[in-house]
Amino acid sequence: MAGEAEAPPPEETLSFWKREQARLKTLVVVGDTEAWQRDAAFSGLRRVGGVDVSFVKGDSVRACASLVVLSYPELEVVYEDCCMVSLTAPYVSGFLAFREVPFLVDAVRRLREKEPRLVPQVLLVDGNGVLHHRGFGVACHLGVLTDLPCVGVAKKLLQVDGLENDAQHREKIRLLQAGGDSFPLVGGSGTVLGMALKSHDHSSKPLYVSVGHKISLEAAVRLTQGCCRFRIPEPVRQADIRSRDYIRRTLGAPGPPAPAQERSQKAQGPKVCPKGGSKESK
DNA sequence: GCGACAG
DNA sequence: ATCTTGTCGC
């Protein structure tokens, strides 16, 4: 009952996926469509969503899809939805959406049904937007399917269209000073595909922000920065934390480890001192 | 054989 | 994505 190895998709499936991306790509809106996006203080923005999919340890099929909504600018979680799912499509670079997006769309649908008032005004997505092989990453895909503004936030540079994580690139990263500093990622065609953003004063690795849907790159970067208490923007970070926590609580420690009358010790005393130190990586 | 490889 | 605790620094 636990998928092991992932079989590479048939060539036929890949070509279908490419056609699907090309079709949906025509529906992407690059640019600000909401009033708050053009406001210097994001006045009017009250809810920012984050999504993520975490996996069960030795399993390539079982996973937890999560959607969280945070208040802005407080960045406090006001909604959480974690759902165990069985992934069908394998992971193939350039086609991440076909593996994860169906479950994220489901989560958005549940939110719209249960708590319409908490539907986020924008979603931060783990992965890329237009910074993609065919200009249609998971953030664009989710944006088009939900019609919600989306921002792609990747932790690693997707080396596409001439973009390279070479010595020159690493040097530009090294030159970033304070949190908020950034530099454009220019593709071979001269197009700005995204921005490398130093999201935290003491983080050596930048975030790679790109437009997903219904937002400009400028607003996307500014919003991402505005959501960062640590390197990873809070909405995505909370979605990640809560989805893996859900997995642990659901099927984390099976059988043996229950020493008789031991009570689970959750949130304890006052500590939780996140080391906002010097080496925030991964 | 070598390098790439979002999550 | 996942494998993983403590340790160093402010």
Side-chain angles (χ1 to χ4, degrees), chain A residues 2-6 8-9 14 17 21 50-66 84-104 123-143 150-167 169 179 185 187 193-197 200-212 220 224 230 232-233 236-237 239-248 251-253 271 273-282:
Chain A
E4 294 291 316
E6 292 284 298
L14 288 179
W17 283 352
Q21 290 181 326
V51 293
D52 189 44
V53 176
S54 292
F55 302 80
V56 174
K57 218 167 29 178
D59 198 323
S60 59
V61 173
R62 298 264 285 161
C64 174
S66 71
M84 288 304 301
V85 300
S86 292
L87 303 179
T88 56
Y91 170 68
V92 180
S93 179
F95 301 95
L96 174 64
F98 294 94
R99 178 168 167 80
E100 305 187 344
V101 125
F103 308 101
L104 301 179
L123 276 178
L124 297 191
V125 183
D126 211 341
N128 294 292
V130 301
L131 172 42
H132 177 268
H133 304 67
R134 290 162 294 281
F136 193 73
V138 64
C140 299
H141 206 130
L142 183 60
C150 284
V151 175
V153 181
K155 296 181 287 297
K156 298 172 184 173
L157 174 65
L158 183 56
Q159 305 192 145
V160 71
D161 192 25
L163 294 179
E164 254 189 307
N165 182 25
D166 53 17
H169 180 75
L185 301 167
L193 301 175
M195 298 281 272
L197 169 71
H200 189 284
D201 285 341
H202 299 289
S203 137
S204 53
K205 297 183 63 175
L207 292 179
Y208 295 95
V209 180
S210 59
V211 171
T224 300
F230 303 103
I232 305 299
V236 172
R237 180 167 169 271
D240 177 64
I241 290 175
R242 288 158 192 260
S243 61
R244 30 209 312 177
D245 210 47
Y246 187 82
I247 289 179
R248 292 195 58 180
L251 37 114
K271 49 174 193 141
C273 189
K275 46 213 159 199
S278 52
K279 68 173 191 72
E280 284 194 63
S281 57
K282 184 176 184 179

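Lettering follows sequence order; numbering is per chain, from 1.
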| message | What contact category does A:Phe95 fall into here, base, sugar-phosphate, or nothing, at under 4.0 angstrom with non-hydrogen atoms? | response | base

| query | Looking for any heavy atom pair under 4.0 Å, which part of the strands does A:Gly152 touch: base, sugar-phosphate only, or nothing? | reply | nothing

| query | Which stems does DNA chain C form, counting runs of 3 or more consecutive Watson-Crick or G-U wobble pairs with both distances under 3.5 Å? | reply | none

| query | Considering only the C1' atoms, how many Å lie between B:dG1 and C:dG6, rounded to the nearest integer? | reply | 40 Å

| said: Under the salt bridge (Lys or Arg N to Asp or Glu O under 4.0 Å) definition, can you give me all pairs with a residue in residues 84-96 of chain A, not counting sequence neighbours? | reply: none

| query | Do any pairs count as a side chain to side chain donor-acceptor pair (under 3.5 Å) and have a residue in residues 126-140 of chain A, sequence neighbours left out, and if so which ones? | reply | A:Gln21-A:Arg134, A:Asp126-A:Lys155

| remark: So the salt bridge (Lys or Arg N to Asp or Glu O under 4.0 Å) pairs with at least one residue in residues 86-96 of chain A (sequence neighbours excluded) are none

| request: Select base, sugar-phosphate, or nothing to describe what A:Phe55 touches, counting heavy atoms under 4.0 Å on all strands. | output: sugar-phosphate

| field | Validation row: A:Val85, A:Pro102 side chains within 4.5 angstrom (heavy atoms) | value | no

| message | Rounded to whole Å, how long is the line connecting atom CG of A:Asp245 with atom C1' of C:dA1? | response | 17 Å

| request: Go through DNA chain B in 5' to 3' direction and return only the first and the last nucleotide with some atom under 4.0 Å of chain A's heavy atoms. | output: B:dA4 to B:dG7

| query | Think A:Lys155 has a side-chain N or O under 4.0 angstrom from the OP1 or OP2 of C:dA1? | reply | yes

| query | Can you find a pair of side-chain heavy atoms, one from A:Leu207 and one from A:Ile232, that are under 4.5 Å apart? | reply | yes

| Is the side chain of A:Ser66 donor-acceptor paired with the backbone N or O of A:Ala239 at a distance under 3.5 Å, no angle test? | yes

| said: Within the 4.0 Å heavy-atom criterion, would you say A:Val56 contacts the bases, only the backbone, or no part of the nucleic acid? | reply: nothing

| query | In whole angstrom, what separates A:His200's NE2 from C:dC10's C1'? | reply | 11 Å

| Going by number, which of residues 123-134 of chain A have a non-hydrogen atom under 4.0 Å from DNA chain B? | A:Asp126, A:Gly127, A:Asn128, A:His132

| Based on Watson-Crick and G-U pairs with both distances under 3.5 Å, what dot-bracket line describes DNA chain B 5' to 3', crossing pairs as [ ] and inter-strand pairs as |? | .......

| message | Rounded at 0.5 Å granularity, tell me how far CG in A:Asn165 sits from CG in A:Leu158. | response | 11.5 Å

| query | Residues in ring pair (Phe, Tyr, Trp, His ring centres under 6.0 Å) with A:Phe98, at least two apart? | reply | A:Trp17, A:His141

| task | Apply side-chain contact (heavy atoms from CB on, under 4.5 Å) to A:Asp201 and list each qualifying residue two or more places apart in sequence or on a separate chain. | result | A:Ala178

| query | Who pairs with A:Leu163 by side-chain contact (heavy atoms from CB on, under 4.5 Å), at least two apart in sequence or on another chain? | reply | A:Leu131, A:Leu157, A:Leu185, A:Leu193

Which pairs would a plain distance check flag for residues 50-57 of chain A, meaning a side-chain donor or acceptor within less than 3.5 Å of a matching protein atom at least two apart in sequence or in another chain?
unit_1: A:Ser54; atom_1: OG; unit_2: A:Ser243; atom_2: OG; d: 2.6

| said: For A:Asp161, give me all partners under side chain to side chain donor-acceptor pair (under 3.5 Å), at least two apart in sequence or on another chain. | reply: none

| Check: A:His169 main-chain N/O paired with A:Glu164 side-chain donor or acceptor under 3.5 Å | no

